[in-house]
Amino acid sequence: MSAPILRSLAQLRAATRPWQLAGETIGVVPTMGALHDGHLSLVAAAKAACSRVIVTIFVNPRQFSSPEDLASYPRTETADAAKLARFGVDALYVPDGAQMYPEGFATTVTVSGLTEVLDGIHRPGHFEGVATVVAKLFTQTSATDAFFGEKDFQQLQVVRRMARDLDIPITVHGCPTIREIDGLAMSSRNLLLSDRARTMAPMLPEQMQAMAQVAATGGDIKAAQARAITRLEQAGFTSVDYLEMRANDDLTLLDAPTRPARLFGAAWLAGVRLIDNIAVEA
Ligand code: PAF
């Protein structure tokens with residue numbers, strides 16, 4: 001059954017108030033739409049854990065670095081609603097820009113530390129946009145639980161920190177990255193890849209796996225990084241923003257997996273920025 005599509009905060013609050021009064025658990029899955037199996041795995045996790053589930057779709061202008069990137073982001077609301085039908089979601093919240101950022105909106109949520117590395121460097125302002133919109137979605141939905149993919153691991157840690165620091169009473173769940181059969185992490189941005197670029201894209205996780213293997217077996221991570229960058233560039237990636245091993249909890253740069261760690265990668269292929277991360281075995 002199709003979920004009701006709620007476009008205003010008033011409609012959302014009218015829907016959630018009875019659930020709150022009844023003490024129900026409310027799971028939220030924040031998305032920007034263009035839903036794929038990765039998103040649907042979050043919806044399934046939310047359905048398994050909570051008595052009510054809200055999926056939000058909002059292409060948040062504040063987290064894009066350029067107007068062109070915002071304009072080209074895929075928007076597929078009708079198809080998204082159809083994909084959600086089989087999950088028995090309780091509400092689809094699809095606010096517009098005026099609803100989220102009304103005239104005079106003047107607040108930005110900044111999470112320091114965690115946002116000063118990786119995408120925080122390469123996408124200035126991105127995490128302020130994410131933290132601000134997610135803080136709003138958490139308070140608007142009154143959710144008890146939120147579900148995010150580990151595909152955007154830095155985002156997950158930033159959101160956790162933000163919710164903790166702002167005393168938002170919500171449990172943030174990280175769910176495993178869902179991959180295509182060839183290893184490419186599912187992402188709405190994959191839709192922007194040409195056929196040729198799509199065949200090359202799995203090289204990013206392949207090279208990251210190779211680096212992670214070196215790190216896990218006590219090898220030279222710097223040499224492995226140089227090799228991976230050369231291979232990606234030779235294969236046609238235009239540039240590599242980063243390929244780094246960092247600690248899971250505070251994203252400290254590591255040269256050996258002395259604590260739970262992940263390999264983080266971001267690279268440009270035919271005008272599309274791909275990001276990924278994989279766990280490094282200690
Ligand atoms: O991961 C995303 O799709 C977005 O960054 C999020 C969390 C929905 C915030 O706009």
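Since the structure is predicted, the reported quantities are computational estimates derived from the model, not experimental observations. Counting starts at 1 for both ligands and their atoms, in listed order.
- Heavy-atom proximity to Met32, at under 4.0 Å, picks out these atoms of ligand 1: 3 (O), 4 (C), 8 (C), 10 (O).
- Between Arg259 and Asp250 there is a salt bridge, since at least one side-chain N of the basic residue sits less than 4.0 Å from a carboxylate O of the acidic one.
- Aromatic ring pairs are classed by plane angle as parallel below 30°, tilted from 30° to 60° and perpendicular above 60°; the pair Phe58 and Tyr101 is tilted.
- Inspection of the Asp96 and Gln99 side chains reveals no N or O donor paired with an N or O acceptor under 3.5 Å.
- Protein heavy atom nearest atom 2 (C) of ligand 1, with residue, atom name and distance: Gln155 NE2, 3.9 Å.
- Every atom of ligand 1 is numbered from 1 in the order shown, and the set under 4.0 Å from a heavy atom of Phe148 is 7 (C).
- Here atom 8 (C) of ligand 1 lies nearest to Pro30 when heavy atoms of Ala34, Pro30, Ala146 are compared.
- The atoms of ligand 1 that sit less than 4.0 Å from any heavy atom of Val133 are 9 (C), 10 (O).
- Contact annotation: for Thr31 versus ligand 1, heavy atoms closer than 4.0 Å belong to the backbone alone.
- In the hydrophobic clustering of this structure, Leu42 does not group with Ile275; members are Ile, Leu, Val, Met, Phe, Trp, Tyr whose side-chain heavy atoms approach within less than 4.5 Å, directly or through other members.
- For ligand 1, the polar-atom distance check against Gln63 finds a nitrogen or oxygen pair separated by under 3.5 Å.
- Ring geometry for Tyr242 versus His122: interplanar angle of 30 to 60°, hence tilted.
- A cation-pi arrangement is absent between Arg7 and Tyr93, since the terminal nitrogen or guanidinium carbon is not both under 6.0 Å from the aromatic centre and inside a 45° cone about the axis.
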